Amino acid sequence: MRLKLYEIKKITASPIIYVLLIAFIAINIKVIAGNTYYRNDMKVLNSITDRFGYKINDSMLVNFKSYYSGELGKMNALAKERTSKTYKTAYDFLEDSDNYKTSLYSQKELDDIKRLNIIENYYSIAVGIDAKYGKIDIKDMGDEQIKTYGLSGAAAATVRGEYESLAIRFAQLKANGEEKALFFIGQIYAMHSFLFATVFRSMIFEIMILSVLIASHFANFEFENKTQALAYSTKRGRKLIYDKLFASILVCLGVTTVLIGVTLAVYFSVFDYSHVLNIPISSAFMQEANRSYISWWNMSFIQYLFAVIAIVYVCEIIFMSIAFCIATIIKNNYIVFAVFALILCASYMLPSLMPRNSNIIFATSFSPFILVLNPQLLFMEKGAFSTFKYYEVITDCVWAALMAYLCAFCTKRFQKSDIC
Amino acid sequence: MLVVNNVSKNFGKFCALNDVTLEFGNGVYCLLAPNGAGKTTLIKMLATLIFPSSGEICYNGTNIVKMGENYRDILGYLPQEFGYYRNNSPKQYLLYLAALKLIEKEKAKKKIEELLELVGLIEVSDKKMRKFSGGMIQRVGVAQALLNDPKILILDEPTAGLDPKERVRFRNLITEVSRDKTVIFSTHIVSDVESIANQIIMIKDKSVYYRGDIETICKKIDGVVYEAEMEFDTLPAFRQQYLSLSEKQENGKMRVRFICGEAPDESWTKVSPSLEDAFIEIYSDAIAADSDLPKEQ
């Protein structure tokens, strides 16, 4: 244990890791801070869920409508009094520029009407869910994917098969009423893609950079400091490489925890998710642009968040292991980084080089590098090449096993290699 | 007994050592050869940093690679390039190396105090090593090599870069600690060898050229080493004819020490050969090949 602690302490000899960690956290906080202009609008959802709960059903809609109609009536009463006008919706009121003339309405009255507009948006989406989700044809989505990517033969058959499975899941989703749950309106706030696509993706690549630096720092520390002849001729000798691997894993986990912990702490202190933690991740309200989020699993938001975090942890350990294996062969940290970058690029290019009629194209997509490209689509429908129920689990498990074997192979090889 | 059995080492197509056979018992052995002869290659194989391409090295009959940590437990090694952590004090660094040598912490602390006292660094034991001179760093190196009370102490060019005072200190240290140990050190500084080595091993053309005591190797050129005084302008022609061992200006003339196998001139004085004379004579072809001096007509 003493040796492992000594190894871990060697991270203090690499200030670049601390500097980058702090810089990355600062960047993430800036990105979050740059999107706070609508956080007050988002709080309106909390008042709705407090009043009606988050589950949308017939009785909830009746109550919601009654409430909304009452508020709309109050707005029209005020408008009639001030301007002798009435409006169909709060949106129409806000679109009328005459209402912004000085001292016609107080700021509080305007804010209340803006708030009503937000409630209106939630109501209109809530009542339209059945119609919207009734139009979604999962099998058509699969066919569209096959056409878009020019798939044929076995590849097309696989995609059709997966989308048929997804269709069964979708039917189950609707039967469970998972889509009928209030969440921050995706079309306006895009919170799902902001958190997972923007914030999480940044964190994933930031941690990837740090993991590679950490792995090569530990593996090549003795060579960088010219202490290899001394360190590897002691009683512990070449077995020191196992202590280095242990230290790499531990420091990588630590850095991942700090980066994700601080970033998410800031994120959730800025955006209040306390009322939506238990809503299903397949909520129709999450829909952004023309994309609905259809998950393979019935997960709540908080469960989904933890699942994504778990995937990130496993993927970062995989990336660190790849860098560690490279570093046992290449004794220069810059070249290790370059080789890792080449592997990253190659893994992105590989699927496009595969024949479009063969299932091998899917095998090349089961890569942690591709897995982390779209964290907002983890455990969900995500196109022809990765829409498999167990895609994330298979990718992580296979690659974790592969890297465990490769690390064992490389460390064993290190025991027999010349140290010059 | 440490035995090197028909060991060869190749780096790709380059042969660094060819069919070396040696035995090391207790005592001080010196590997004496010019740079690039293969001393460090042999030493690294003894320290298990590199592995022989053929042959094996055994300690008490067992292959040292197979012995693994049992062999490295009795090994103390000071590499040619002694690396250290600049922001560590000698105490901190030696504690870390003690951990690598799997010495218990309390035992290590006591031993480190003793060793720092022995090498004369006790006053600066908590000072950062980036402030140390080359000699002080080398002393830390010797201290770490002795941490585990090794039975085999291997020192690769331990006096390189040290001033004469430090070299004397080092030699005295080695003499003190070498009792009941096998001490193997490599050098190309002949004066280090004469002071402390019981046996010298000379490597030439990738093999062992000579193994024995200093007296015997000197006797090989007994009777052919002379000294003579001559004018400066006759020196170039003289060098063309005879192997010059050393040259010194004296009384307005050049006093030359040289080897001559033919009948001597009357003005020449026969002198007793030193180890340095033998070294230059044995490696004269290598020295000539490396010489930067232009050939004079």
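Computed from a predicted structure; not experimentally measured. Numbers restart at 1 for each chain; the letters A, B, ... are given by sequence-line order, proteins then strands.
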Measure the spacing between CZ of Arg2(A) and CD of Glu104(B) and express it to the nearest 0.5 Å.
8.5 Å

Between CD1 on residue Ile43(B) and OG on residue Ser233(A), distance to nearest 0.5 Å
12.0 Å

Which of [options] touches chain A most, by non-hydrogen pairs under 4.5 Å:
options: Tyr84(B), Tyr77(B), Tyr71(B); value: Tyr77(B)
options: Val65(B), Leu102(B), Ile103(B); value: Leu102(B)
options: Ile74(B), Leu49(B), Thr40(B); value: Leu49(B)

Hey, is Arg236(A) close enough to Asp73(B) for a salt bridge, meaning N to O under 4.0 Å?
no

So what's closer than 4.5 Å to chain A heavy atoms on Lys44(B): side chain, backbone, both or neither?
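Only the side chain of Lys44(B) comes within 4.5 Å of chain A.
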
Would a 4.5 Å heavy-atom cut-off, applied to side chains only, mark Thr48(B) and Ile419(A) as touching?
no

Can you find a heavy atom in the side chain of Tyr93(B) that is under 4.5 Å from one in the side chain of Thr227(A)?
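Tyr93(B) reaches Thr227(A) side chain to side chain.
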
Would you kindly say whether Tyr96(B) and Lys9(A) are connected by a side-chain donor-acceptor distance under 3.5 Å?
no

Does atom [atom1] of [X] have more than 12 heavy-atom neighbours from other groups under 6.0 Å away?
X: Lys239(A); atom1: NZ; answer: no
X: Met349(A); atom1: CE; answer: no
X: Lys151(B); atom1: NZ; answer: no
X: Asn60(B); atom1: CG; answer: yes
X: Glu81(B); atom1: CD; answer: no
X: Tyr348(A); atom1: OH; answer: yes
X: Ile360(A); atom1: CD1; answer: no

Flag, side chain of Arg72(B) to backbone of Lys235(A), donor-acceptor distance under 3.5 Å:
yes

Any idea which heavy atoms bring Thr234(A) and Leu100(B) closest together, and the distance?
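What the structure gives for the nearest pair is OG1-O, 3.5 Å.
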
Of all heavy-atom pairs between Gln144(B) and Leu230(A), which one has the smallest distance, and what is that distance?
NE2-CD1, 3.3 Å

Let's go through Asp418(A) and Phe11(B) carefully: what are the C-alpha distance in whole Å and the side-chain angles of both, what is the deciding distance for side-chain contact (heavy atoms from CB on, under 4.5 Å) to 0.1 Å, and is it a yes or a no?
CA-CA 10 Å; Asp418(A) 284 349; Phe11(B) 294 102; 4.3 Å; yes

For the residue pair Tyr85(B) and Phe221(A), is the inter-centroid distance of their aromatic rings smaller than 6.0 Å?
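Aromatic pair counts; centres sit under 6.0 Å.
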
Where on [X] is there a heavy atom nearer than 4.5 Å to chain B: the side chain, the backbone, both, or neither?
X: Tyr232(A); answer: both
X: Gln415(A); answer: backbone
X: Glu224(A); answer: neither

Apply the test side-chain contact (heavy atoms from CB on, under 4.5 Å) to residues Asn87(B) and Thr12(A): give CA-CA distance (whole Å), side-chain angles for both, the deciding distance (0.1 Å), then the verdict.
CA-CA 11 Å; Asn87(B) 288 323; Thr12(A) 56; over 6 Å; no

